[in-house]
Amino acid sequence: MANLVRRLILLVFTLGVGLAIGWFGQWLTGEAAWFLAIPGALAIVWFRVADTRLCLGASCLAPDRSAPNKKPVAGSPPTTGS
């Protein structure tokens, strides 16, 4: 639970930094494109704190190579059930 709270605080802080950069850049130049700093800051922090080991979904698991292949490979002879 403490890890979740720490990550949420980091998220809010990162959004604040991106927003501050956007406001400052818009004030300085008048361009709203500075607000692209928000997703930019999120991407930078994501690469720093993301933990791919927490990916537990079925799509994240490597295919089981020990299981027999259910689909025949093109050009291979048909298999017989023995």
Side-chain angles (χ1 to χ4, degrees):
M1 186 67 173
N3 191 27
L4 176 64
V5 171
R6 186 180 60 114
R7 292 168 73 101
L8 287 174
I9 290 170
L10 182 61
L11 174 66
V12 170
F13 177 75
T14 304
L15 289 173
V17 167
L19 195 57
I21 292 170
W23 278 333
F24 180 73
Q26 187 178 25
W27 173 78
L28 191 64
T29 66
E31 294 289 326
W34 280 91
F35 286 101
L36 290 173
I38 297 170
L42 286 173
I44 290 169
V45 172
W46 173 264
F47 285 122
R48 176 71 179 122
V49 299
D51 188 0
T52 57
R53 293 173 294 164
L54 296 177
C55 180
L56 299 175
S59 63
C60 298
L61 300 175
D64 185 9
R65 299 290 180 197
S66 64
N69 191 358
K70 300 292 184 194
K71 294 181 181 177
V73 178
S76 65
T79 58
T80 59
S82 48

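Quick note: residue numbers are just sequence positions, from 1.
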Leu15 side chain near Leu11 side chain, heavy-atom distance below 4.5 Å: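 The answer is yes; the side chains approach within 4.5 Å.
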Asn3 side chain near Arg6 side chain, heavy-atom distance below 4.5 Å: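 They are in side-chain contact.
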List, one per line, each side-chain donor-acceptor pair under 3.5 Å for residues 30-48, sequence neighbours excluded.
from: Trp34; atom 1: NE1; to: Gly25; atom 2: O; distance (Å): 3.4
from: Trp34; atom 1: NE1; to: Thr29; atom 2: OG1; distance (Å): 3.0

Leu4 CG to Ile9 CD1 distance, which is reported to the nearest 0.5 Å: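 If we round to the nearest 0.5 Å, Leu4:CG and Ile9:CD1 are 10.0 Å apart.
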Sequence-distant partners of Phe24, ring-ring contact (aromatic ring centres under 6.0 Å, His included), two or more places apart: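 Phe24 satisfies ring-ring contact (aromatic ring centres under 6.0 Å, His included) with Trp27 once adjacent residues are dropped.
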